[in-house]
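Chain letters run A, B, ... following the sequence lines, proteins first, then strands; residues in each count from 1.
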Amino acid sequence: MENHNNLSKSADNSSTEKTGQKTKLAGVLNVILTFILILIGIAAVGLFVGFIAIMINPKLETFNSYDDFRLLYEFSPIDREQNFEVVSSHAALTNSEVKLLASINFQIASRKFVVTFFFFYFVILGWFVNILFQLRNFLRTFNTGNPFIRKNVQRIRIIGWFVILFPFLGIIFMLAMAPYFKNIIVNPATPVSFYWRSFLEYGKDSLWAIIFGLVVLVIAESFRIATQIKEEQELTI
Amino acid sequence: MSIIINLDIMLAKRKMKLIELADKVGITIANLSILKQGKAKAVRLSTLNAICRELKCQPGDILEYVDDK
């Protein structure tokens, strides 16, 4: 019985030393994450203010046709089908560049575009905020000495799914932006729509998100097993 | 879980209080009450050894198996 007491005492001492070191790191990460979340909060407020500023701008009209856009911005008569002359006091842009700018401006200078664009930016911002928020709450439990609780398993799982599904959110965003960008041709010599090509590039970049999300989900599963073991150990007399 | 803990019966027989037994055995009152309520998932043999030593009884006096069927 005395041997058992000595063993359990030394085990407790080493575990409190280890948890002391670990909670230091968790504390630092907690501070960093809280700081990042506050920064994102400020960015969100700024984004909202910008959104309001754009929406109340009287010059932002909904253009029903290219001609309305042209009238508002006082271009000289332009034939949309052919290359047009540039009337500009700045360094001359090539005809294709002006056509590109005109096509973008025409589509983007509309309330519908602004609303859709800002909506998706807020969703993406919220997506990141949620991931960091779950991570921050997860780290906060480290100070109690026992991070193996069911809520933490849920948090890690949420992080994993949010990371995996982020590229798909990006795809939805690009699909929503389709009516505004699909007509743009970067080089008139090779009339390929850059919009549909951009899906390919985006898919290549998003592979890492899926891999990382899978790793996090596997970690969440191992955390669940650890929680099970911890609960059983707590109820061992 | 179909192992019944008859700790309260043994405590009454030996006229000992829960707090007293917890002190003598060397486990917390919370743990002992978890055991008494039957919520424990496992009992260490060393703990069982200590309880039987203090209550001067056999493990079968405290633990009883009841078939679930």
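- Here the straight-line distance linking atom OG1 of A/T236 with atom NZ of B/K41 works out to 9.5 Å at 0.5 Å rounding.
- Heavy-atom contacts from other residues, nucleotides or ligands closer than 6.0 Å to CZ of A/F120 number more than 12.
- Residue A/F51 places its CZ atom among more than 12 non-hydrogen atoms of other residues, nucleotides or ligands, all under 6.0 Å distant.
- Side-chain contact between A/I237 and B/I27 is present, with heavy atoms from C-beta onward closer than 4.5 Å.
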Next item on the list: Would you please test A/L235 and B/I34 for side chain to side chain contact (heavy atoms under 4.5 Å, CB included) and show each step?
Entry: CA-CA 8 Å; A/L235 291 173; B/I34 287 173; 4.0 Å; yes
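- For B/R14, the CZ atom sits in a packed shell: over 12 heavy atoms of surrounding residues, nucleotides or ligands are nearer than 6.0 Å.
- In A/Y202, the OH atom is crowded: over 12 heavy atoms of neighbouring residues, nucleotides or ligands sit closer than 6.0 Å.
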